[in-house]
K.L.:
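Have a look at the structure that comes next, please.
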Amino acid sequence: MDGTELENPTSRSSSQKSSRRSSSRRSQKSAGQHSLTSTQEKRSKSKSSRQKHLVIDDKETKKGKNHAHKIDVADERSNFVGYEVYAGKLIFDKKNRSASDNNELPSNRKADAIDARLTSKALIWGSSVLLLEDVVSVSYNSGVKHFTLHAYPTKKSLFGKTRRVQKDFCFIASTLDEAILWVTCFAEQSIYVNLLPRPAASSINPDSDNPLSESLFDQPPIKCKSPQRVLVILNPRSGHGRSSKVFHEKAEPIFKLAGFQMEVVKTTHAGHAKSLVSTFDFSVCPDGIVCVGGDGIVNEVLNGLLIRSDRAEAVSIPVGIIPAGSDNSLVWTVLGVRDPISASLLIVKGGFTALDILAVEWIQSGQIHFGSTVSYYGFLSDVLELSEKYQKKFGPLRYFVAGILKFLCLPSYFYELEYLPVSKEMAVNGKGTDQDKTHLSNVYTDVMHSRSKREGIPRASSLSSIDSIMTPSRMSLGDVDTSGSTVASTEPSDYVRGLDPKAKRLSLGRSNIVSEPEAVLHPQPHHGSFWPRTRSKARAERNSVGVTSSNDTQLSWATPAMHDKEDISSTISDPGPIWDCEPKWDTGPKWDSELTWEPDHPIELPGPQEDMEMGTPMELVPNLDEKWVIRKGHFLGVLVCNHSCKTVQSLSSQVIAPKATHDDNSLDLLLVGGKGRWKLLRFFILLQFGRHLSLPYVEYVKVKSVKLKPGANTHNGCGIDGELCRVKGQVLCSLVPEQCRLIGRQWRQSI
Ligand SMILES: Nc1ncnc2c1ncn2[C@@H]1O[C@H](COP(=O)(O)OP(=O)(O)OP(=O)(O)O)[C@@H](O)[C@H]1O
């Protein structure tokens, strides 16, 4: 150990204090403030070295041909490496011996010390760069000058394919307090620090006789992320039975390096994940659920969360995905990763991505099944159903086999459908008017959105999985019904309808539901139109449930002309906004949760109210432009997409719904019109080149809701995220007001 550094423990302590205070850029300043003269000199040296960095790097880039990662000067200028956090001298211990070696720096190695700097995006030493997005954690033993970065950088194989390999980078700082500063700065960049006990005294500093300094370094004041406690749900059948291996060999080591505490549950049967999640005590694993498997297991988890009695809180539980199934289009499309190592890195890095939730409701029975990707009808649902027969015989090839067979004996599909398009603004720029936003998201969603902004949850567009339906491997068959198929979950629709006014509004055709116990009549000045609202409007709606709930309950298959008439009836029941309470993960303002539905609530328009959050008076303006479009005819396929639906196998152009985004509060409806093999074949061929939307019989509309009813002789299969269900009567596809949260931010935007 360097004697000069240990001479003055006070100065070290001051340095430690400054390191505690430091944060990103500030860390450099505060570090520079400490009293030790020698350290000040070092700081000033490091400062001046920082000032010259561009020049140094430029030179070193030219010189440093032997380094694995070269700094690209152009990248540097374009801020590729981010802003500087700390700079100093480091020795890169290639052989990684320092962890076991004596802490004393051998005199012959002092010359190896090179300029190093930590930026918000990378550690740069000499001309080498290690991206922080590849770093899982830092291991640091108290009282030593070296620390080890555990990383998974990408490596190119001979054939140009990149893969991630685990690599440890050991560095030796010039002094103890510098080592602590380095580690502190890594912690400030959200890298988990694995703070280990001080090694045996003899191996640190044989001539250290200062007990005070020793005790100071026993527990260096490094503040870092606390270990995450997560529930891991693993489907051992996923990915042809390889998911356990994938988890234990690829994901688990990364989670362990990042200090995760895991409760691992392997599912024993279809439906296990859903029932587990629906009753699990999340105080045990408050930091989220990690699903290991395909899209099917994620769908089960989502459905389990949404049927909980504490749904509002449950839906905020972040869900991580380790892709280990036959197809994993959700994580690939939304987060941009498709290999388990990158997905694990995203999870340990943290952050959240908001995701809309699709609900398919069986209008007559009130059953509901949630999804995050797509709901589809026609040829694809038939393939999904047929593939079930070949599960044992053909494994993942069963979809291909079933697709060919179904294609050869292709039936015709007749549907009656209605859809409510989004406004032109929303369709064009994907953002929508304020009215769209207020229509499509109710108060709770607004809370989520505002929280998302606060927490930095991106609301940018992104993609995910439908065309995975075209890739048969993603069709999972859960909840299979004994009638040879799968059934929807049997949660009563009250889970959705009762939970929010929007869902009630969306429940068109409820007037036909005989089972609705609490029928109310509502005068409707503007049939079929939604009432735009602000948050206060939404609250007002909840106070006058009848008004909002009745808006869209008029459409009936038998009486399309009613679109043009005033609505005077509605049968919406509203058990009360039980969703309307603050999730425990939410630090936002609390909403009134005590409102309950009164069946005989008087009919009245909501009066202006004070907006509790904004302090602005409420306006209530009916949107006269919204009209349901009615279509009847033959459709080879009807797909209601929540995101662009990219398959893991596909090229980037191969997405079913190219304009769809996962968090835009709208659904993308794709109609493949007509019948016959030729049309179907052309559709699939053009899909491979991303040109399927150019076909004259393909329609693509951004919608808020879709109602669908198969014709009398049409197969009634319905796929939801690869789960096969049956349409009995009529179904309504719409978004629920809540969004769920995926753990991780979109790759490459995450850091
Ligand atoms: N232990 C289990 N045994 C059988 N099925 C299960 C089990 N656990 C979950 N499942 C069901 O398996 C289905 C498919 O799961 P998942 O999507 O995770 O895997 P996959 O490899 O993508 O599946 P597939 O190849 O069938 O598309 C899910 O719908 C789930 O309900």
Side-chain angles (χ1 to χ4, degrees), residues 231-247 251 264-278 289-305 307 319-333 338-340 343 369-376 380-381 383-403 464-482 485-490 645-649 717-725:
L231 170 67
V232 177
I233 302 180
L234 190 155
N235 176 2
R237 297 279 295 274
S238 287
H240 334 312
R242 287 200 299 262
S243 53
S244 289
K245 201 168 173 229
V246 165
F247 175 69
V264 182
V265 177
K266 294 191 179 179
T267 58
T268 54
H269 56 274
H272 185 178
K274 182 177 168 185
S275 58
L276 172 73
V277 167
S278 67
I289 307 167
V290 174
C291 305
V292 187
D295 289 336
I297 202 77
V298 183
N299 186 269
E300 274 201 27
V301 165
L302 184 68
N303 277 275
L305 288 174
I307 61 168
V319 176
I321 305 169
I322 302 295
S326 305
D327 197 8
N328 302 277
S329 55
L330 176 65
V331 67
W332 173 221
T333 315
R338 53 180 158 179
D339 70 282
H369 193 99
F370 300 97
S372 54
T373 295
V374 60
S375 166
Y376 48 95
L380 291 173
S381 61
V383 172
L384 182 60
E385 183 180 348
L386 187 62
S387 69
E388 216 175 307
K389 271 191 186 172
Y390 302 108
Q391 190 161 18
K392 280 199 178 141
K393 218 170 176 184
F394 294 106
L397 273 181
R398 65 188 183 274
Y399 300 111
F400 179 72
V401 174
S464 188
S465 72
I466 273 186
D467 142 85
S468 46
I469 295 161
M470 305 301 189
T471 307
S473 57
R474 78 164 299 288
M475 301 179 193
S476 52
L477 307 172
D479 294 345
V480 181
D481 154 14
T482 47
S485 185
T486 317
V487 292
S489 66
T490 52
C645 305
K646 196 155 70 166
T647 52
V648 170
Q649 291 83 4
C718 154
I720 304 170
D721 293 4
E723 305 291 311
L724 182 61
C725 309

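One-based numbering, in listed order, for ligands and for the atoms of each. Bear in mind that the values here come from a model prediction, so they are computed numbers and not experimental data.
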K.L.:
Side chain or backbone, does G325 bring an N or O within less than 3.5 Å of an N or O on ligand 1?
P.N.:
no
K.L.:
Take every heavy atom of E723, measure it against each atom of ligand 1, and state whether any distance is under 4.0 Å.
P.N.:
yes
K.L.:
Determine whether the side chain, the backbone, both or neither of N299 has a heavy atom under 4.0 Å from any heavy atom of ligand 1.
P.N.:
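Looking at N299 and ligand 1, no heavy atom falls under 4.0 Å.
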K.L.:
Could you tell me, atom by atom, which parts of ligand 1 come under 4.0 Å of a heavy atom of I297?
P.N.:
9 (C), 16 (P), 17 (O), 18 (O)
K.L.:
Closest approach of L234 and S244, non-hydrogen atoms and distance?
P.N.:
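Taking every non-hydrogen atom into account, CD2-OG, 3.4 Å.
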K.L.:
Within a distance under 4.0 Å of any heavy atom of T267, pick out the atoms of ligand 1 and give their elements.
P.N.:
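It comes down to these atoms of ligand 1: 1 (N), 2 (C), 7 (C), 8 (N), 9 (C).
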K.L.:
The criterion is side chain to side chain contact (heavy atoms under 4.5 Å, CB included); which residues satisfy it with A324, sequence neighbours excluded?
P.N.:
S243, V246, V292
K.L.:
Measure across L330 and S372 and return the closest heavy-atom pair with its distance rounded to 0.1 Å.
P.N.:
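So the two residues come closest at CD2-OG, 3.6 Å.
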K.L.:
Looking only at heavy atoms, is any part of V298 under 4.0 Å from ligand 1, and if so is it the side chain, the backbone, or both, or is it neither?
P.N.:
neither
K.L.:
Do H369 and D721 get their side chains close enough for a donor-acceptor pair, meaning under 3.5 Å?
P.N.:
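Judged by distance alone, the side chains do not pair up.
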K.L.:
For atom 26 (O) of ligand 1, tell me which residue out of H240, R398, E300 has the closest non-hydrogen atom.
P.N.:
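Considering heavy atoms of H240, R398, E300, the nearest to atom 26 (O) of ligand 1 sits in R398.
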K.L.:
Using side-chain hydrogen bond (donor to acceptor under 3.5 Å, both in side chains) as the criterion, list what pairs up with N235, not counting sequence neighbours.
P.N.:
S238
K.L.:
Is P236 in polar range of ligand 1, meaning some N or O pair under 3.5 Å apart?
P.N.:
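Checking ligand 1 against P236, no N or O pair falls under 3.5 Å apart.
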K.L.:
May I ask you to check if ligand 1 and G239 share an N or O to N or O distance below 3.5 Å?
P.N.:
yes
K.L.:
Grab the two heavy atoms, one from I720 and one from G371, that are nearest each other, plus how far apart they are.
P.N.:
CG2-CA, 4.0 Å
K.L.:
Looking only at heavy atoms, what is the nearest atom pair of E300 and K274, with distance?
P.N.:
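Result for this residue pair: OE1-N, 3.1 Å.
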K.L.:
Can you spot which of V264, T267, V290 makes a side-chain contact (heavy atoms from CB on, under 4.5 Å) with I233?
P.N.:
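It is T267; the other options fail the test.
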K.L.:
By number and element, which atoms of ligand 1 are closer than 4.0 Å to a non-hydrogen atom of G293?
P.N.:
18 (O)
K.L.:
State the atoms of ligand 1, each with its element, that fall below the 4.0 Å cut-off from a heavy-atom position in T268.
P.N.:
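Near T268, meaning under 4.0 Å from one of its heavy atoms, ligand 1 has 1 (N), 2 (C).
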K.L.:
Give the numbers and elements of all ligand 1 atoms closer than 4.0 Å to a heavy atom of D295.
P.N.:
17 (O)
